[in-house]
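Positions are given from 1 along the sequence.
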Amino acid sequence: MHRRTFLKHTGALGAAAAVSASLSACSSGPESTNDTGGTGGKDRTLTAVIGYGNDGSWDPTQTASAFCMAANNHIYEGLLDTDPISREPYAALATEIPKDANATSWRFTLRAGAKFHDGKPVTADDVVFVFDRILDPKTQTLAKGFFASWLKEVRRIDGRTVELVLKFPFPDGLSRLTLAKVMPRHVFSKPGAWDKATAGLAIGSGPYRQTAHHPKSNTTFAAYPDYNGPRKPAFARMNWLTIVDAAPRVARISGSSAGAQISDNIPYANIEQLESNGLTVAGGAGMNNLFLMFNTAHKPFDDVRVRQALHYAIDTGKMIEVALKGHGKPSTSFLNEGNPAHRRAKTVYEHDPEKAKALLKAAGVSGLRINILAVNVSWILDCLPTIKASWDAIGVRTTLDPQETTAVFTKMDQKQDYQVVAAASNPNQFGLDADLIMHYNYGPTNLWMNYTRWADDAVARQLFRDMDRATREPDPARKKTMVQDYIDTVAEQAVLYPVVHNELMTAWDPRKLTGIRAQPYPGINLLRAKWA
């Protein structure tokens with residue numbers, strides 16, 4: 001895939017370019033976003049509301065879309081998958097987890113009788129097909145950044161056995177295998193099939209099969225009767241609605257006429273109301289954050305002092321109190337404080353408007369005007385006025401320009417000029433290990449570094465070398481320290497850096513659903529849920 005195509009179709013924060021007309025080939029069923037199944041008994045439809053768009057990339061090797069990743073976790077399987085809360089790996093398509101996580105090769109046997117949703121058997125060739133795509137030096141995928149540094153190749157041993165050959169011992173790789181969803185070679189090796197995957201074609205071996213997909217509206221699922229894996233489908237049908245705006249999302253799950261049983265991305269201001277209606281509202285604190293991303297090719301944002309000044313100026317205490325209703329913390333590192341590798345960074349942007357003014361003066365900057373290009377995720381919209389007020393207070397004339405997430409990142413993909421982007425991110429949807437999180441955001445050929453135009457900076461080049469050395473470090477304690485040390489550089493440079501880490505809230509009706517666990521990253525996981 002050419003770089004332009006990669007940038008167009010990679011889902012970043014739920015972002016992707018416009019979905020092509022080829023989607024019609026994989027979309028069927030009712031256009032309605034209402035309950036599409038039976039109304040009673042075990043055959044009734046579970047209706048969920050997702051606060052993110054369903055029109056990002058659905059290609060599992062490419063997507064970072066919150067909606068699409070959550071859906072794919074129900075449609076596809078990896079050799080191993082991970083629990084959505086503990087993130088511990090478990091055997092999915094593979095029959096067991098390798099006994100030696102520090103080995104330089106892992107052999108997997110596929111589950112007997114595993115079938116794709118079109119009835120064809122899952123084979124070793126399908127596994128090799130997906131990993132060959134991920135590791136292909138001529139094909140740029142998002143997943144490559146999670147595997148290429150440590151995985152050398154994947155070999156077919158026989159029809160149901162594969163071997164993964166590692167470049168060096170890498171125990172964290174076991175949990176990453178969930179990011180390599182096994183896809184049918186006989187479907188996705190055809191010409192144009194990857195474009196169809198991007199647009200919504202999804203055929204896996206998981207407990208649910210996709211039955212219809214309508215961008216910007218809803219996606220529907222049905223239990224797959226031939227699924228013989230470890231996490232059985234509990235719902236005959238599911239209808240996932242995409243409702244980005246907060247008010248209609250809350251309305252769909254609340255009141256006597258509620259049309260959904262569960263919703264993610266619940267606004268903090270609505271928690272008490274929903275609880276008074278008998279719903280359970282629970283949060284998950286993790287890596288979710290509002291970040292600022294600067295275009296370092298646009299002066300004066302090439303000057304680290306300007307970037308630092310704008311961070312120091314933000315009244316994060318007010319933002320947490322007013323916008324987040326106490327459900328957040330100022331960033332003290334790129335990593336959230338609950339991450340096992342967290343260490344307070346040497347540079348922490350506590351609210352200091354005088355220091356911000358001094359840094360701007362030292363940089364020779366005055367009369368600065370900034371347009372903040374922002375995504376329209378509801379809680380980000382709540383935070384933007386605090387940023388504007390904080391920057392206005394230090395003499396930086398600020399305008400807010402919120403747009404649909406897809407529109408914001410289409411501009412980034414097209415290399416349009418911008419000054420500052422404010423958006424939401426949560427690398428925890430990929431995993432918890434710090435090496436993965438940092439490589440997702442920083443790297444010489446990384447999507448985000450392309451957006452920031454920073455990868456050729458001398459500091460950036462040294463950072464990338466330090467990151468690669470940490471990846472290869474075999475001693476866990478030493479590796480942790482090396483990661484923490486290079487995160488200090490990331491904090492100081494503030495090219496792409498979180499302002500606050502916040503708690504994500506999920507609401508559900510406990511009278512109808514049980515087994516729900518609120519996760520600290522966007523989306524929902526219903527593989528352990530069932531009707532109450």
Side-chain angles (χ1 to χ4, degrees), residues 13 246 267-269 288-332 347-405 407-409 411-412 416-425 451-454 491-502:
L13 308 158
Y268 307 116
N288 206 66
N289 66 87
L290 179 156
F291 70 85
L292 295 180
M293 178 172 67
F294 294 93
N295 179 359
T296 62
H298 189 126
K299 292 184 178 297
F301 308 110
D302 59 330
D303 192 319
V304 64
R305 294 169 295 186
V306 175
R307 302 193 297 266
Q308 289 183 338
L310 293 170
H311 272 278
Y312 278 118
I314 298 173
D315 189 345
T316 51
K318 179 180 178 182
M319 179 182 290
I320 291 167
E321 177 187 359
V322 176
L324 304 181
K325 310 300 181 187
H327 294 273
K329 292 184 177 181
S331 299
T332 58
T347 305
V348 176
Y349 296 101
E350 296 172 331
H351 183 218
D352 192 339
E354 294 307 313
K355 186 169 187 175
K357 292 177 184 177
L359 283 166
L360 289 177
K361 183 176 180 180
V365 174
S366 61
L368 182 59
R369 294 172 177 263
I370 294 179
N371 179 73
I372 302 178
L373 181 62
V375 300
N376 66 342
V377 174
S378 55
W379 72 270
I380 296 291
L381 296 177
D382 293 339
C383 291
L384 291 178
T386 300
I387 299 179
K388 172 176 167 53
S390 298
W391 288 0
D392 286 345
I394 63 167
V396 175
R397 296 281 297 277
T398 308
T399 57
L400 303 177
D401 186 16
Q403 300 181 20
E404 284 195 3
T405 301
V408 172
F409 286 93
K411 292 181 178 181
M412 300 296 100
Q416 294 185 27
D417 189 37
Y418 74 98
Q419 294 175 294
V420 185
V421 163
S425 181
Y451 292 160
T452 63
R453 282 78 149 168
W454 189 62
E492 178 189 46
Q493 292 297 310
V495 172
L496 184 157
Y497 202 71
V499 176
V500 291
H501 291 104
N502 72 312

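Using a distance-only test at 3.5 Å, with no hydrogens or angles considered, no donor-acceptor pair links the side chain of Y418 to the main chain of H298. Formation of a donor-acceptor pair under 3.5 Å by the Q308 side chain with backbone atoms of E492 is found in this model. With hydrogens and angles ignored, the 3.5 Å screen pairs a side-chain donor or acceptor of R305 with a backbone N or O of A362. Within the 3.5 Å criterion, the main-chain N or O of R453 finds a donor-acceptor partner in the side chain of T296.
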Checklist entry - Does the side-chain contact (heavy atoms from CB on, under 4.5 Å) test come out yes or no for T398 and I372, once each step is laid out? => result CA-CA 7 Å; T398 308; I372 302 178; 3.7 Å; yes
Checklist entry - Which is it for W379 and N288 under the side-chain contact (heavy atoms from CB on, under 4.5 Å) test, yes or no, and what are the steps along the way? => result CA-CA 11 Å; W379 72 270; N288 206 66; 3.3 Å; yes
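Of all heavy-atom pairs spanning L384 and A422, the tightest one is CD2-CB, 4.0 Å. Here the closest non-hydrogen pair linking N376 and T405 is OD1-N, 3.6 Å. The nearest pair of heavy atoms linking Y349 to A491 is OH-O, 2.6 Å. Contact detail for A363 and D303: the closest heavy-atom pair is CB-OD2, 3.6 Å. Across G328 and L324, no two heavy atoms sit closer than the pair CA-CD1, 4.2 Å.
More than 12 heavy atoms of other residues, nucleotides or ligands lie within 6.0 Å of CD in Q403, so this atom counts as buried by the packing criterion. Heavy-atom contacts from other residues, nucleotides or ligands closer than 6.0 Å to NZ of K329 number 12 or fewer.
Annotation: side chain of V499 is in contact with side chain of L292 (closest heavy-atom distance under 4.5 Å). Contact of the N502 side chain with the L290 side chain is not registered, since no non-hydrogen atoms from C-beta on lie closer than 4.5 Å. Proximity of V304 to Q493: side-chain heavy atoms (C-beta onward) are separated by under 4.5 Å at one or more points. The closest side-chain heavy-atom distance from V306 to L360 is below 4.5 Å. Two residues are said to be in side-chain contact when any heavy atoms from C-beta on lie closer than 4.5 Å; V420 and W391 meet this criterion.
Sorted by first then second residue, the side chain to side chain donor-acceptor pair (under 3.5 Å) pairs that include residues 361-374, not counting sequence neighbours, are N371-T399.
Aromatic pair Y451/F409: centroids less than 6.0 angstrom apart.
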Could you list the donor-acceptor pairs under 3.5 angstrom formed by side chains in residues 309-320, with sequence neighbours left out?
residue, atom, partner, partner atom, Å
Y312, OH, K355, NZ, 3.2
D315, OD1, G317, N, 3.4
D315, OD1, K318, N, 3.1

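Going from atom CD1 of I370 over to atom CZ of R397 covers 12.5 Å, rounded to the nearest 0.5 Å.
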